[in-house]
Protein chains: 2
Amino acid sequence: MDRQTITIYDVAREAGVSMATVSRVVNGNPNVKPTTRKKVLDVIDRLDYRPNAVARGLASKKTTTVGVIIPDVTNLYFSSLARGIDDIATMYKYNIILANSDENEQKEVQVLNTLLAKQVDGVIFMGNKITDELRAEFSRSRTPVVLAGTVDPDEQVGSVNIDYEAATEDSVDMLVGNGHSKIAFISESHDEPINGQYRLNGYKKALEKASISYNDDLVLQSEYTYKVGEAVFEQLKKAGATAAVVSDDELAVGILNAALDRGVSIPEDFELITSNNSKLTAMTRPQMSTVVQPLYDIGAVAMRLLTKLMNKEEIDEKTVKLPYTIDAKGTTK
Amino acid sequence: MDRQTITIYDVAREAGVSMATVSRVVNGNPNVKPTTRKKVLDVIDRLDYRPNAVARGLASKKTTTVGVIIPDVTNLYFSSLARGIDDIATMYKYNIILANSDENEQKEVQVLNTLLAKQVDGVIFMGNKITDELRAEFSRSRTPVVLAGTVDPDEQVGSVNIDYEAATEDSVDMLVGNGHSKIAFISESHDEPINGQYRLNGYKKALEKASISYNDDLVLQSEYTYKVGEAVFEQLKKAGATAAVVSDDELAVGILNAALDRGVSIPEDFELITSNNSKLTAMTRPQMSTVVQPLYDIGAVAMRLLTKLMNKEEIDEKTVKLPYTIDAKGTTK
DNA sequence: ACAGGAAATGTAACCTTTTTCAATTAAATC
DNA sequence: GATTTAATTGAAAAAGGTTACATTTCCTGT
């Protein structure tokens, strides 16, 4: 009682050719006589035939689908990357299976596995830390993987980033230049190389250059949400910070607002520079000074790189670093 | 030179059973003797067998994948819905193919077609207007469709919303109550029923109740972006509006900031109420008064509804309206 | 020990394409 | 006009599972 969908068989029969021929015209294979092609095309049109992508995937071992693991679509940083990914994917005729991981290691592995089970042609991973288990899954399957906005010191898989260390160093340099010596650094867990290894290093380097001694009280680990801004700001005050480098925009807004709500003038009494250049940085008052990461492009380039990998094209460099700048807006002098 | 992946055949052979039996244990069919199950499970484990979801999909005609058409992941309103969708999808073992449409009618149709070609078990559509072409595609395929945060006066497919008309009416009521008579209404195109039919109606009703005559100059159509806020605010001033009801948070922030940047005090000189209760409403200063839409829940309920539809369960009501409230924060008195 | 029914397992068709590889047809050469 | 060669087309074998149906095995009760 179903048999409603029409298959390549039906087309072949109607057109009086073999299904191989139908397959050829559908796939644009040139070895088909123009008249036959026309005939088949007409039948396809008349019957409104749509190839079954699943059957296609099974036969050809290609699904034209890539998996995208994202911590949270609701985070503007990641959704901006995702947008870049999807646009390029569409351009290359791929679709995206999007899965939220909440940066939960267990979910990440699980999701990766279902993506692989679904035979995605490639995977784009956004997150912060590549656990060993994840790395093991990556290398076990021969499915290409590209990290977007995510670093893996191991560099086994492709990745697209900016130079987080240098960007953070530049940010701190700027605050130092504005006369600060009690500069806080706030990021997520230092277990994540992007923070503990790159950003923190940049921070330390800048301090060192300025002969400012490193003070543990000024280095905070915090989740990236708006609502913890209050608590973080209290900690900052307690530690005597007069400026801060923040690794996430949403958190930065939280801190900024907490300061404003307490009557602290910004940037006069406190300076702040954030890291992602998401839309948010333009929406606050004062607008937030920020590292300008080319968010969309990171996603786009990552997807482009993945297409090459899936296509087994020769890659010159599978770790690409995109340029960044610093945009001094209203939260710094 | 490929044959690296191991199939159900391999497992069957190793375990000395038929593939049917392997299939049974993989799918949790109870008709398997515990000892056999154990034996098979051991082999699966040893060989690290992972069922090929594509083959499965072809054989069973179920892909456990649903398509999600979203205008733009980067818009917090929609990404919040998407998050609700994905969480419930995951809960029911579905994956999400996400596709951005930019509310472009052509893209919408095209994307829907590739989703159907990929044999998704269901579709969740977010957008604003259901064109006839889209409607035609919806009904042609027997794939269930649910609209999330999107209305279709036609009510042919499932949908999850709030009562936009009433919510807008309430918003205007509140501004009227605060003494305004020159209240602006700003939304996207009135061709979209959600705006032209529901919200605008609510606006008119409220005016009528208050015996305020409708003034065309106070009714604006604008795209939903932050950057047009300036232009929109200028128009509002010109029209002499003293308050506004805005249908999109990002646009509302743009208007709010344009006002603040011009030295207008809010809410003293101008009141504003927005419609989506995205994170943004808490991030501005003053915080934005808003209609509280249960964004996450709209997505979650839509996905839940879709699971029922896909499961051919009996549905009591396929058009569900979720409750909303009005949260008067800093942009209204 | 044996019939009868339930439980467990196996057989083989089917799902819809792609993709060899072989067969046929058309075009080109002399 | 007979061959050769090139261009089209078709037949059938994958691809990796699910599932209806048939068959075998296992218990029970007598």
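Letters go in sequence order (proteins before strands), and every chain restarts at 1. As a basis for the values below, the full set of heavy atoms in this structure was taken, side chains included, without hydrogen atoms, waters or symmetry mates.
Put simply, CZ on A:R56 is 14 Å from C1' on C:dT19, counting in whole angstrom units. Taking atom CD1 of residue A:I8 and atom P of nucleotide C:dC15, one finds them 14 Å apart after rounding to whole Å. For the pair A:N52 CG and C:dC15 P, the interatomic distance rounds to 12 Å; values are reported in whole Å. Between B:N31 atom CG and D:dT24 atom P the separation is 19 Å, expressed in whole Å. Separating the CG atom of A:L58 from the P atom of C:dC14 is a distance of 17 Å, rounded to the nearest angstrom. Atom pair B:R13:CZ and D:dG16:P shows a separation of 13 Å (rounding to whole Å applied). Between A:K62 atom NZ and C:dT16 atom P the separation is 23 Å, expressed in whole Å. Put simply, NZ on A:K38 is 20 Å from C1' on D:dT9, counting in whole angstrom units.
For D:dG10, one of the phosphate oxygens OP1 or OP2 lies less than 4.0 angstrom from a side-chain nitrogen or oxygen of A:S18. For the pair A:T36 and D:dT9, the criterion of a side-chain N or O lying under 4.0 Å from OP1 or OP2 is met. A:T21 has no side-chain polar atom (N or O) that falls below the 4.0 Å cut-off from OP1 or OP2 of D:dT9. Phosphate proximity of D:dG17 to B:S60: absent, as no side-chain N or O sits under 4.0 Å from OP1 or OP2.
In this structure, B:V26 reaches neither bases nor backbone, as no heavy-atom distance under 4.0 Å exists between it and the strands shown.
Side-chain atoms of B:T64 and A:K118 include a donor-acceptor pair closer than 3.5 Å. There is a side-chain donor-acceptor pair under 3.5 Å between A:E313 and A:N311.
Comparing C:dT16, C:dT11, D:dG17 by their closest approach to the side chain of B:A20 singles out C:dT11. The side chain of A:Y49 lies closest to C:dT17 when the candidates are C:dT17, D:dT9, C:dA8. With D:dT18, C:dT18, C:dA8 as the candidates, the nucleotide lying closest to the side chain of B:K33 is C:dA8.
Using a cutoff of 4.0 Å between basic side-chain nitrogens and carboxylate oxygens, A:R135 and A:D132 are scored as salt-bridged. Using a 4.0 Å cut-off between charged nitrogen and carboxylate oxygen, A:D10 and A:R13 count as a salt-bridge pair.
In the interface, the side chain of A:R24 is paired with the base of D:dG10 through a donor and an acceptor atom under 3.5 Å apart.
In this structure, B:A55 and A:V17 both approach DNA chain D, and ranking their closest nucleotides by distance from the 5' end singles out A:V17. The residue among A:R37 and B:P51 whose nearest nucleotide of DNA chain D lies closer to the 5′ end is A:R37.
The backbone N or O of B:Q119 lies less than 3.5 Å from a partner atom in the side chain of B:T63, making a donor-acceptor pair.
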